[in-house]
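Read through the structure below, which is laid out as structure tokens, and then see the notes.
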Amino acid sequence: MTPARALSVLVLVAAMGAVLVPATVLAQAGTAPATRSSADAGIVDEDTDTPYVPTPADVVERMLHLAGVGKGDYLIDIGSGDGRIVLTAVAKFGARGHGIEIDPRLIERSRQSAKKMGISDRAQFLTQDLFESDFSKATVVSLYLLPKVMQLLTPKLAALRPGTRIVSHDYAMLADWQPDISLRMFVPDKPVGRDRHSTLMLWTVPAQVAGRWAFELPAAQGGGRVELAVSQSYQMLTGKATLNGQPVELAGLRIDGERFRFALEPSGRAERFRHEFDGLVKGDTVAGTATFNARASAATAKWEARLAR
Ligand SMILES: C[S@@+](CC[C@H](N)C(=O)[O-])C[C@H]1O[C@@H](n2cnc3c(N)ncnc32)[C@H](O)[C@@H]1O
């Protein structure tokens with residue numbers, strides 16, 4: 001490593017959480033720092049060249065629990081280092097997946113580990129640049145990348161299939177996409193940072209529900225046309241509803257991946273009731289169940305609505 005590269009690595013590791021991290025930290029981490037061809041040519045972008053710093057094993061497990069990784073999942077670790085997140089997801093959580101990593105030495109090490117563990121058919125590793133990779137196959141994405149990279153990736157991650165879970169170690173997305181869950185944990189063996197803590201964050205890609213939804217209430221519930229106008233910023237929704245053109249109170253409006261829910265509470269009527277709607281969004285349609293809670297009875301029915309964007 002050239003002295004200039006060594007200095008850059010120190011700066012980068014400092015950005016990952018340490019104030020002054022000696023090169024021995026990287027040695028303790030078990031590998032030389034990642035390289036890319038531009039870096040070797042002396043062009044290092046300190047904002048986007050994430051150095052190799054491994055996520056400690058207990059943090060890996062917690063991330064996978066937080067994302068609810070299981071048998072049906074396909075996990076992609078973006079910047080997979082020595083492959084530990086993919087290897088753990090496959091060996092301990094029953095998932096399949098792949099890691100993408102710019103450093104071929106780390107890829108080779110990951111493949112060797114998968115081979116030793118007998119899971120090469122379910123855990124793959126690809127030498128790729130994360131800025132040119134396709135993550136669309138993922139049901140879960142994991143990341144431990146510098147803030148600038150997280151920000152650059154935010155639009156691409158937000159456009160993944162609704163319901164895809166994204167779990168990140170220490171660094172957030174663009175500020176307006178707040179995590180659904182954020183937790184801090186004590187990490188005694190954290191290789192960077194002064195306070196020996198990690199922050200884990202989870203996002204679920206929301207379906208796009210902004211626009212005007214319309215549907216008819218069943219005749220048994222008095223009939224009438226419901227219209228719902230929804231505005232959306234990631235998973236944050238606001239909206240207004242009308243029943244036969246008259247404003248009606250809207251409660252519990254939310255989107256969790258593909259799951260779209262809200263309740264109508266017509267007010268100003270002698271009869272008080274609450275109608276709850278809960279369905280899965282597929283493109284411009286939502287389909288699921290409506291529960292009609294009138295004063296004296298409750299009924300459920302299939303429910304479908306269409307979106308005019
Ligand atoms: C902080 S490490 C995280 C490693 C692993 N995900 C973990 O949590 O243990 C970031 C990794 O991203 C890799 N990386 C940096 N820039 C990359 C790029 N443009 N494309 C792919 N991988 C990259 C680095 O080589 C490094 O191994």
Side-chain angles (χ1 to χ4, degrees), residues 11-19 44-51 53 55 59-60 62-68 75-81 85 100 129-136 138-187 190 192-211 229-239 252-262 281 309:
V11 171
L12 290 167
V13 173
M16 295 297 292
V19 174
V44 175
D45 184 337
E46 290 172 6
D47 288 341
T48 59
D49 277 8
T50 310
V53 178
T55 296
V59 180
V60 170
R62 195 80 181 270
M63 287 170 78
L64 297 173
H65 276 298
L66 183 62
L75 178 139
I76 299 179
D77 187 28
I78 303 179
S80 52
I85 296 183
I100 59 158
D129 187 334
L130 62 87
F131 293 111
E132 286 155 24
S133 297
D134 175 14
F135 319 130
S136 58
T139 60
V140 180
V141 169
S142 57
L143 312 124
Y144 184 24
L145 296 167
L146 288 175
K148 177 76 182 178
V149 183
M150 293 294 291
Q151 287 165 16
L152 289 171
L153 285 178
T154 298
K156 196 167 171 180
L157 295 171
L160 288 173
R161 206 173 18 213
T164 306
R165 289 97 77 204
I166 300 165
V167 63
S168 174
H169 181 187
D170 276 349
Y171 298 108
M173 305 271 199
L174 280 175
D176 51 351
W177 193 7
Q178 290 293 309
D180 301 320
I181 301 176
S182 176
L183 61 88
R184 236 168 99 75
M185 63 181 282
F186 178 56
V187 186
K190 187 157 182 170
V192 293
R194 265 195 299 206
D195 71 347
R196 302 281 174 255
H197 277 83
S198 283
T199 302
L200 310 189
M201 284 155 279
L202 178 75
W203 296 259
T204 303
V205 176
Q208 294 302 312
V209 292
V230 179
S231 304
Q232 178 170 20
S233 171
Y234 300 101
Q235 76 275 45
M236 306 298 289
L237 304 183
T238 51
L253 178 66
R254 59 182 296 173
I255 184 82
D256 299 302
E258 298 176 294
R259 189 174 177 195
F260 185 35
R261 280 177 286 178
F262 58 91
V281 177
R309 287 189 200 275

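Keep in mind the model is a prediction, meaning the values are calculated, not measured.
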Between Leu237 and Val209, does a side-chain contact (heavy atoms from CB on, under 4.5 Å) hold up when you go through it step by step?
CA-CA 9 Å; Leu237 304 183; Val209 292; 3.7 Å; yes
Of all heavy-atom pairs linking Tyr171 and Tyr144, the shortest is CE1-CE1, 4.2 Å
Heavy-atom pair of closest approach, residues Pro206 and Pro162
C-CB, 4.1 Å
Give a yes or no answer on whether the side chain of Arg161 reaches the backbone of Ala138 with a donor-acceptor pair at less than 3.5 Å.
yes
Go through the steps for Phe260 and Val230 under the test side-chain contact (heavy atoms from CB on, under 4.5 Å), then give the verdict.
CA-CA 11 Å; Phe260 185 35; Val230 179; 4.2 Å; yes
Rounded to the nearest 0.5 Å, the CD1 atom of Ile100 sits from the CD atom of Glu132 at a distance of 10.0 Å
For Arg261 and Asp256: C-alpha separation, side-chain torsions, deciding distance, then whether salt bridge (Lys or Arg N to Asp or Glu O under 4.0 Å) applies.
CA-CA 9 Å; Arg261 280 177 286 178; Asp256 299 302; 2.4 Å; yes
Distance in Å, Asp170 CG paired with Met201 CE, rounded so as to fall on 0.5 Å steps:
6.5 Å
Is the shortest side-chain heavy-atom distance between Ser136 and Thr164 below 4.5 Å?
no
Apply ring-ring contact (aromatic ring centres under 6.0 Å, His included) to Tyr234 and list each qualifying residue two or more places apart in sequence or on a separate chain.
Trp177
Contact check, side chains of Met185 and Arg62, non-hydrogen atoms, under 4.5 Å
yes
Under a 4.0 Å threshold between the charged nitrogen and the carboxylate oxygen, would Asp134 count as salt-bridged to Lys156?
no
Flag the pair Leu153 / Leu130 as yes when at least one side-chain heavy-atom distance between them is below 4.5 Å, and no otherwise.
yes
Side chains of Met150 and Thr50, heavy atoms from C-beta outward: is any pair under 4.5 Å?
no
Give, for atom NZ of Lys190 and atom CZ of Arg196, the distance between the pair rounded to the nearest 0.5 Å.
9.0 Å
Please confirm whether the backbone N or O of Leu174 pairs with a side-chain atom of Thr154, one donor and one acceptor, at under 3.5 Å?
yes
Using modelled atom types and a 3.5 Å cut-off, is there a donor and acceptor pairing between side-chain atoms of His65 and backbone atoms of Met63?
no
Go through the steps to decide whether Gln232 and Gln208 satisfy the test side-chain contact (heavy atoms from CB on, under 4.5 Å), and finish with yes or no.
CA-CA 8 Å; Gln232 178 170 20; Gln208 294 302 312; 3.7 Å; yes
Hey, could you give me the CD1/OG1 distance between Ile255 and Thr204, rounded to the nearest 0.5 Å?
10.5 Å
What is the distance from atom CD1 of Ile78 to atom CD1 of Ile166, rounded to the nearest 0.5 Å?
8.0 Å
Just wondering, do Phe186 and Ser198 contact through their side chains at under 4.5 Å, heavy atoms?
no
Rounded to the nearest 0.5 Å, what separation is found between the CG atom of Leu66 and the CG atom of Leu200?
6.5 Å
Keeping Ser233 on the side-chain end and Met236 on the backbone end, is there a donor-acceptor pair under 3.5 Å?
no
With a 4.5 Å limit on heavy-atom distance, are the side chains of His169 and Leu143 in contact?
no
Around Lys148, counting heavy atoms of other residues, nucleotides and ligands shown, do more than 12 lie under 6.0 Å from its NZ?
no
Sidechain-backbone polar pair: Arg165 side chain, Leu202 backbone, donor-acceptor under 3.5 Å:
no
Any chance the side chains of Asp180 and Gln235 put a donor and an acceptor closer than 3.5 Å?
yes
Report yes if the side chains of Leu157 and Met173 come closer than 4.5 Å at any heavy-atom pair, otherwise no.
yes
Do Phe262 and Arg254 make a side-chain contact, defined as non-hydrogen atoms from C-beta onward lying under 4.5 Å apart?
no
Does Val149 form a side-chain contact (heavy atoms from CB on, under 4.5 Å) with Leu152? I'd like the steps, not just the answer.
CA-CA 5 Å; Val149 183; Leu152 289 171; 5.6 Å; no
Closest heavy-atom contact between Leu253 and Gly239?
CD2-N, 3.6 Å
